[in-house]
Amino acid sequence: EQQEEEEEEEETEMETEVEEEDEETEADTEEEYEKGEEEEIMNEEEQINGEGKSKVINVSSEEIKKRMKQPRHTISNVIISNEIKMEELGDHRTPDEYFTPSFRVTKFDARSKLLSKKSRIWQLDFLNRLVRNLNTKLVIRKEHPADNLLLITEHYNNRSKLTLTIAGVDHQYELLFKDYQARRDFYQLAQAIRQNSIMWSPFLAGKKASIEKPLILARISGSCLCVKKTKQKVESKQVHGHANINVSKTPHEDISIFVGTWNMGNAGPPESGKLKDWIPLGCDIYSISLQEAEFKGDHSLPGYFQGYLGESYQMLSTNVLWGIRVIIFAKVSNMSKITCVHTSQKPTGFMNICGNKGGIGVAFKYNETSFCFIGSHLAAREERCEQRNMNIYEISQSLNLGIKDLDITQFHHVFWCGDLNYRVDMPYKGTVALLKEKNVEAMTENDQLMKERKKGNIYQGWNEGEIKFLPTYKYEIGSRVYAEHKFRTPSWTDRVLWRSFPNCHLVQTDYNCANDITTSDHSPVRSIFNVSTQLPYFNYFSPKEPERYLEFSEVYVTGRSGTVIKKPILQFYGSCLLEPVYRTTKKKAPKLMNPEFSDSVLPELTLHTSSFEYLKQQHVIILLKDAQKSKDKNQNDHLLGQAVISLRDACSSPMSTFKVSLTALTKNVGFLHGQLRIRRRDGLADMLGTEKPKSFAL
């Protein structure tokens with residue numbers, strides 16, 4: 001604290017002496033910053049692995065500039081208003097904290113990867129819908145209209161860090177807050193201040209909202225003292241006004257997602273008109289996975305699909321690993337809802353270096369729901385079934401997405417598609433005879449992928465729609481007649497699978513192939529889903545709630561086989577938790593294959609929000625590790641299993657018992673048992689249902 005005060009005094013003296021010099025050099029500094037950032041982006045885009053055939057292309061500054069030119073869509077169907085007086089919000093915050101909340105942050109220089117020595121104050125003015133950047137003397141440096149906030153991105157692995165993308169500013173602001181709660185408050189307020197945002201707030205929605213008309217314009221009226229400082233003068237006056245926030249009584253927004261895969265056979269794409277048989281228009285998000293997409297010609301595949309989808313869609317990400325591609329498009333009107341875009345890839349070809357086989361992952365958040373899309377091309381030939389299983393293990397373990405240490409099942413919804421190359425274990429003539437009779441069911445009984453899943457070798461807990469279409473491989477190019485060359489058994493090599501958190505709504509509405517596209521020996525496959533995404537929760541303007549925490553007890557593991565765990569520990573993750581990770585305390589325990597954890601080593605998991613309506617939508621991820629093996633940073637076998645627990649039942653019962661699957665490498669490796677309840681810090685009891693403990697198993 002003393003050092004901070006000294007730095008504050010030094011900063012004040014320096015600002016007084018060099019204020020004019022700063023004004024002259026600020027423009028040059030901004031130009032250097034932008035130039036450095038552009039160079040960094042160019043380096044990222046030209047990142048070459050192996051023999052120069054693998055590169056990653058993310059959304060660059062050029063894409064951000066394009067996004068700035070897009071019209072900012074406002075909410076037009078909010079017709080009911082709910083008038084709220086500031087007195088109804090409680091006295092735990094001052095009027096200034098409601099109408100003009102301010103946050104002290106440290107600026108992070110993305111170019112040098114260093115923190116700035118100077119602190120800044122970011123202020124959100126709800127009365128005038130403005131976002132201000134002030135120095136520590138509260139002098140306004142820059143002022144932006146609230147609707148110019150294009151993206152507000154929270155960081156997975158640094159719970160105090162947030163990135164702002166603002167229209168009219170060519171660089172992004174990397175802000176470091178004092179703690180997670182401050183970042184969360186700023187994130188909520190920055191979302192709510194925009195006219196094109198809808199927040200989920202049962203309190204602000206009030207009784208006027210209904211299921212038929214859930215959207216409400218909440219108008220919070222009151223007055224506060226507004227102080228505006230510039231280098232020329234200081235203005236101070238009492239201002240009365242309204243804070244207008246678009247809120248919803250229901251927590252979800254439904255969207256449609258297209259997931260498609262196609263092995264192009266290194267041939268150019270067909271005329272865009274034929275894509276209608278494969279890619280129907282109108283979905284909110286398109287994930288297109290391609291294999292063997294290397295061909296000669298003038299075609300740019302992202303541009304090709306962009307031309308088909310039209311100007312109402314924008315490319316979110318494209319990732320390339322040799323001939324494997326994953327391209328993501330989203331509606332322009334929804335781009336401000338998409339944050340935390342991450343990409344990763346894993347080659348599984350020769351010596352795990354060549355990218356002719358492998359997988360690509362793209363992850364992001366839509367509203368508060370996280371998605372992961374994986375496109376892969378696995379080992380070929382009928383006899384290499386075990387090698388394909390190994391490819392799946394390697395890809396699921398190596399993709400670096402989201403929170404470090406957690407695997408791909410950390411996301412609410414994971415979609416895995418591609419040319420998985422699993423075949424039908426039947427002779428060629430026998431399958432052709434069954435196909436003439438359209439007896440698909442008899443063939444699926446011999447499908448390698450289905451048999452491996454039943455054995456528990458891969459994709460346990462994952463889902464695939466019922467296959468009613470004909471095998472997608474191998475055809476004569478130019479027709480849909482199965483090729484007789486080498487008598488390759490017709491098979492469903494091209495598949496779409498998915499996995500979701502418990503109590504997360506997802507419905508598959510279509511699973512089929514496109515037979516009108518004949519430029520390859522594979523038919524493209526599509527799957528369409530209706531998904532409920534969680535709206536951003538807003539409780540900053542709600543009355544204060546008692547602090548609550550999660551209490552686990554009687555936790556133990558069963559069903560594991562293999563190595564003994566020398567130093568077992570559990571790590572707890574969740575977006576509803578105040579800290580980024582909670583761990584069991586290190587204590588000497590017997591070396592067991594299936595360890596037990598005494599209540600004394602289990603931590604209390606503090607919740608940043610106590611609303612049961614919010615907690616019902618939340619989950620906690622539990623990671624089982626071996627602390628002894630984790631000392632060797634070159635090994636990943638210290639990560640022994642991962643489990644997901646929904647808090648819905650814990651919110652309606654004073655005590656719930658659980659039995660959930662521990663998963664690793666897409667397989668079930670055991671079970672985690674225990675008890676869970678939500679408790680108040682003040683020691684008072686919540687009236688939750690009956691006193692009879694409720695149990696649930698996943």
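Along the sequence shown, residues are numbered consecutively beginning with 1.
- With sequence neighbours excluded, no residue forms a ring pair (Phe, Tyr, Trp, His ring centres under 6.0 Å) with Phe203.
- A salt bridge links Arg183 and Glu154; the closest N-O separation between the charged side-chain nitrogens and carboxylate oxygens is under 4.0 Å.
- With hydrogens and angles left out, the side-chain atoms of Glu613 and Tyr537 include no donor and acceptor closer than 3.5 Å.
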Residue pair Thr94, Asp96: steps toward the side chain to side chain donor-acceptor pair (under 3.5 Å) verdict = CA-CA 5 Å; Thr94 65; Asp96 293 351; 5.2 Å; no

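- Of the N and O atoms on the side chains of Thr663 and Ser661, not one donor lies less than 3.5 Å from an acceptor on the other residue.
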Where do Asp185 and Phe177 land on the side-chain contact (heavy atoms from CB on, under 4.5 Å) test, with the steps shown first?
-> CA-CA 10 Å; Asp185 288 343; Phe177 293 79; over 6 Å; no

Decide yes or no on side chain to side chain donor-acceptor pair (under 3.5 Å) for Thr609 and Ser611, but give the supporting numbers first.
-> CA-CA 6 Å; Thr609 300; Ser611 168; over 6 Å; no

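- Screening residues 674-685 for salt bridge (Lys or Arg N to Asp or Glu O under 4.0 Å) gives Glu547-Arg681, Glu551-Arg677, Glu551-Arg679, Glu604-Arg681, Arg680-Asp682, Arg680-Asp686 as the qualifying pairs, with residues at least two apart or on separate chains.
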Can you check side-chain contact (heavy atoms from CB on, under 4.5 Å) on Arg104 and Ser102, steps first, answer last?
-> CA-CA 7 Å; Arg104 187 187 185 97; Ser102 300; over 6 Å; no

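- In this structure, a donor-acceptor pair under 3.5 Å is present between the side chains of Ser646 and Asn503.
- Across Gly359 and Leu399, no two heavy atoms sit closer than the pair O-CD2, 4.1 Å.
- Side-chain N/O atoms of His673 and Thr558 include a donor and acceptor closer than 3.5 Å.
- Inter-residue side-chain proximity for Leu164 and Leu162 is flagged as met; some heavy-atom pair is nearer than 4.5 Å.
- Under a 3.5 Å cut-off, the side chain of Gln617 and the backbone N or O of Pro251 do not form any donor-acceptor pair.
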Intermediate values then yes/no, side-chain contact (heavy atoms from CB on, under 4.5 Å), Ser396 and Trp416 | CA-CA 10 Å; Ser396 64; Trp416 192 317; 4.2 Å; yes

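- No side-chain donor from either of Thr369 and Asn367 sits under 3.5 Å from a side-chain acceptor of the other.
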Decide ring pair (Phe, Tyr, Trp, His ring centres under 6.0 Å) for Phe415 and Phe373; before the verdict, give the C-alpha distance in whole Å, the side-chain angles of both, and the deciding distance to 0.1 Å.
-> CA-CA 5 Å; Phe415 303 92; Phe373 297 88; 5.1 Å; yes

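- Asn157 places a side-chain N or O within donor-acceptor distance of the main-chain N or O of Gly402, the cut-off being under 3.5 Å.
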For Leu550 and Phe572, run side-chain contact (heavy atoms from CB on, under 4.5 Å): C-alpha distance rounded to whole Å, both residues' side-chain angles, the deciding distance at 0.1 Å, then the answer.
-> CA-CA 11 Å; Leu550 298 179; Phe572 301 82; over 6 Å; no

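- Atom OG1 of residue Thr165 and atom CE of residue Met335 lie 10.5 Å apart, to the nearest 0.5 angstrom.
- Among pairs with a residue in residues 535-545, none fulfils salt bridge (Lys or Arg N to Asp or Glu O under 4.0 Å), at least two apart in sequence or across chains.
- Under the 3.5 Å distance criterion, with hydrogens and angles disregarded, no donor-acceptor pair is assigned to the side chains of Gln675 and Thr657.
- Between Phe529 and Trp498, the angle of the ring planes goes over 60°, which puts this pair in the perpendicular group of the 30/60° scheme.
- We find the CD1-CG distance between Ile569 and Leu623 to be 8.0 Å, quoted to the nearest 0.5 Å.
- A salt bridge links Lys365 to Glu368: one of the charged nitrogens lies within less than 4.0 Å of a carboxylate oxygen.
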Tell me, with the steps shown, if Asn319 and Thr343 meet side chain to side chain donor-acceptor pair (under 3.5 Å).
-> CA-CA 7 Å; Asn319 201 298; Thr343 62; 3.2 Å; yes

